[in-house]
Number of protein chains: 2
Amino acid sequence: MGYDEVMTEVRWLDAREQMIWRGFLGATGSFMEHLDRQMQRDSGMPLAYFEILAVLSEMPGRSLRMSELATMCRSSRSRLSHAVSRLEEAGWVRRRACESDKRGQFAELTEEGFKVLERAAPGHVMTVREHLFDVLTAQQLDQLDEITAAIKIGLSPQCDSAKAELRAEF
Amino acid sequence: MGYDEVMTEVRWLDAREQMIWRGFLGATGSFMEHLDRQMQRDSGMPLAYFEILAVLSEMPGRSLRMSELATMCRSSRSRLSHAVSRLEEAGWVRRRACESDKRGQFAELTEEGFKVLERAAPGHVMTVREHLFDVLTAQQLDQLDEITAAIKIGLSPQCDSAKAELRAEF
DNA sequence: ACCCCATAGTTGAACTCTAAACTAAACCGC
DNA sequence: GCGGTTTAGTTTAGAGTTCAACTATGGGGT
C-alpha cells in the first residue's frame with residue numbers, strides 16, 4: 001500500500017460514489033447482522049458456526065479436512081480450530097485423525113449436529129429469502145450475481161500478485 | 001419466526017439461488033475482511049473504529065451524541081461505548097458531557113484523532129476503489145445502488161412491524 | 001540419511017463484540 | 001411534585017476473533 005500512497009494521488013470518492021459505498025456498507029452490514037442475530041436467537045449459535053455445520057453436512061461422510069473446511073467457510077485456520085473445539089464441546093462435531101497425513105485432522109458432523117442443523121436451517125433460509133430473494137427482482141438477482149463475481153475476481157490472489165508484479169516493474 | 005416456521009412450508013433455495021447466495025456471502029465476506037485487514041495493518045485499528053473517526057470528522061464541531069454516532073455507525077450502544085473508551089485511551093476521541101441533557105455524552109474527535117484519520121483515509125479509499133469501483137461498470141454501480149436500497153427497505157423497522165401486524169391478524 | 005523449508009493444525013493472549021444488568025436523568029400523567 | 005416508565009449511556013461477564021508463536025509431520029534436495 002505504501003507505494004501507491006506516496007507516488008500517486010488519491011482518487012477520493014465523489015458524492016455519488018460515497019452514496020453507493022455507504023449504501024453498500026449499510027445494507028450488507030445490517031443484513032448480515034440480522035441473519036446472525038436470527039441464528040443466535042433461534043438456534044443459539046453464531047451464523048459462522050451454522051455455516052460450518054452446513055458445509056460439513058454436504059460433504060461425503062459429512063466430514064472434511066480442517067483446512068479445506070476453513071477455505072470453504074472463508075475462515076482462518078485458527079478461527080476454525082477454535083470454532084470446531086466449541087462445536088465439539090457441544091457434541092455437534094467430532095475430530096478424526098487423518099491416516100494418510102498424520103498432521104491432518106478431519107472434522108465430522110455428528111448425528112446430533114445434523115439434527116441441530118436440520119432444526120436451524122428453515123429459519124435461516126426463510127430469513128435469507130425474506131430479506132434478499134423476496135426484495136429483489138429476478139433481473140436484480142442476475143445483476144447481483146455478476147457484481148459479486150466481479151468483486152471476487154478483483155480479490156483473487158492471482159489478481160493481487162499480478163498487480164504486485166506490475167508495480168514491481170517500475 | 002416461530003409462526004412461519006410451524007405453519008408454512010419452507011421454500012428452500014434452488015441451485016441457482018444457492019449459487020447467488022454463496023456468491024454474495026463470499027464476495028462481501030472476503031471484501032470486508034480485506035478492508036478490515038488493510039486498516040488494521042496500515043493504521044492499527046479495526047475498520048469499525050475508522051468509521052467512527054470518519055463519521056465524527058464530518059460533523060459540525062467534529063462531535064456527536066453517542067446514540068446518534070451509534071446509529072450512523074450501525075453499532076449498538078454498548079459496542080460504541082467500548083469502542084469510544086478505547087479510542088479515548090488512544091487519545092483520538094474525547095467524551096464531553098451534554099449540558100441540555102445530563103444523561104447525554106458527546107464523542108468528539110481530537111486533533112490527534114483527526115490526523116490519524118487523515119493518514120488512514122487514503123489507503124482505505126484506495127482499497128475500496130480498487131476492489132469495488134474499479135471492478136464494476138458504471139451500470140453495475142447503478143444496479144448495486146438499487147439492490148442495496150431494496151435490501152435496506154426490506155430490513156427497515158417499519159417493514160418488520162408491518163409484517164408482524166399482518167401476521168397478528170390471523 | 002540429513003537438513004531445510006513448507007504445510008497442518010493448535011494454543012494462548014490480547015482484543016472486540018454481544019447481551020443483560022445497571023445507573024442516572026428525563027418525561028409523562030395525574 | 002410524585003411515582004412509574006422511557007431514554008442515554010456504561011459496565012460486566014462471557015463468547016468469538018485475531019495474531020503470533022508453537023508442535024509436529026511431510027517433502028524435497030544433496
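No experiment lies behind these values; they were computed from the predicted model shown. Residue numbers begin at 1 in each chain, while the letters A, B, ... track the order of the sequences.
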Q: Between C:dT16, C:dA8, D:dA13, spot the one nearest the side chain of A:Arg65, thanks.
A: C:dA8

Q: Return the value, rounded to whole Å, for the distance between atom CE of B:Met45 and atom C1' of D:dT17.
A: 19 Å

Q: Any side-chain N or O of A:Arg37 less than 4.0 Å from the OP1 or OP2 oxygen of C:dA19?
A: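 A:Arg37 to C:dA19 OP1/OP2: side-chain N or O found under 4.0 Å.
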
Q: According to the interplanar angle, ranging from 0 to 90°, do the rings of A:His34 and A:His131 count as parallel (below 30°), tilted (30 to 60°) or perpendicular (above 60°)?
A: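 Aromatic pair A:His34/A:His131 classed perpendicular.
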
Q: State which of D:dT10, C:dA19, C:dT16 makes the closest approach to the side chain of B:Arg77.
A: D:dT10

Q: What I'd like to find out is whether the side chain of A:Leu25 reaches to under 4.5 Å of the side chain of B:Met32, using heavy atoms alone.
A: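 Yes, their side chains come closer than 4.5 Å.
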
Q: Does a side-chain N or O from A:Arg95 land closer than 4.0 Å to OP1 or OP2 of C:dT10, or not?
A: yes

Q: Looking only at non-hydrogen atoms, find the nearest pair between B:Arg11 and A:Arg129 and report the distance.
A: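 Closest pair (atom of B:Arg11, atom of A:Arg129, distance): O-NE, 2.9 Å.
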
Q: Within this structure, what is the CE-to-P distance between A:Met66 and C:dT11, rounded to whole angstrom?
A: 10 Å

Q: Using the closest heavy atom to pick a nucleotide of DNA chain C for each, name whichever of A:Gly104 or A:Glu33 lands nearer the 5' end.
A: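 The residue mapped nearer the 5' terminus is A:Gly104.
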
Q: Tell whether A:His82 reaches the base of C:dG12 with its side chain through a donor-acceptor pair below 3.5 angstrom.
A: yes

Q: With DNA chain D as reference, determine whether B:Gln40 or A:Arg86 sits nearer its 5' end, using the nearest nucleotide of each.
A: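 Whichever sits nearer the 5' end wins; that is A:Arg86.
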
Q: If I take atom CZ in residue A:Arg103 and atom P in nucleotide D:dT23, what distance separates them, rounded to the nearest angstrom?
A: 17 Å

Q: Rounding to a whole Å, what distance do you find between B:Leu80:CG and D:dG9:C1'?
A: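 Going from CG in B:Leu80 over to C1' in D:dG9 covers 10 Å.
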
Q: Using whole Å, what does the distance between atom C1' of nucleotide C:dA8 and atom CD of A:Glu99 come to?
A: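 Distance check: A:Glu99 CD to C:dA8 C1' gives 17 Å.
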
Q: Give one of base, sugar-phosphate or nothing for A:Phe106, where a contact means two heavy atoms less than 4.0 Å apart.
A: nothing

Q: Just wondering, do A:Leu13 and B:Phe133 contact through their side chains at under 4.5 Å, heavy atoms?
A: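 They are in contact (side-chain heavy atoms under 4.5 Å apart), so the answer is yes.
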
Q: Mind calculating the distance between CD1 (B:Ile52) and C1' (C:dC17) to the nearest angstrom?
A: 12 Å

Q: Among the candidates D:dT6, D:dT17, C:dA8, find the nucleotide nearest to the side-chain atoms of A:Ala48.
A: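 In terms of side-chain proximity for A:Ala48, the closest of D:dT6, D:dT17, C:dA8 is D:dT17.
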
Q: Return the 5'-most residue of the pair A:Lys102, A:Gly44 with respect to DNA chain D, ranking by each residue's nearest nucleotide.
A: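 Final value for this comparison: A:Gly44.
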
Q: Whole angstroms only, please: what is the CZ-P distance between B:Arg79 and D:dT17?
A: 13 Å

Q: Is there a side chain to side chain contact (heavy atoms under 4.5 Å, CB included) between A:Arg86 and A:Met45 once you walk through the steps?
A: CA-CA 10 Å; A:Arg86 293 223 134 252; A:Met45 69 182 134; over 6 Å; no

Q: Among the candidates D:dT18, D:dT10, C:dA8, find the nucleotide nearest to the side-chain atoms of A:Ser78.
A: D:dT18

Q: Looking only at the side chain of A:Asp101 (C-beta and beyond, no hydrogens), which of the listed nucleotides D:dT18, D:dG26, D:dA8 gets closest?
A: D:dG26

Q: Please state how far atom CG in B:Leu69 lies from atom P in D:dT10, giving the value in whole angstrom units.
A: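 In whole Å, D:dT10 P lies 11 Å from B:Leu69 CG.
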
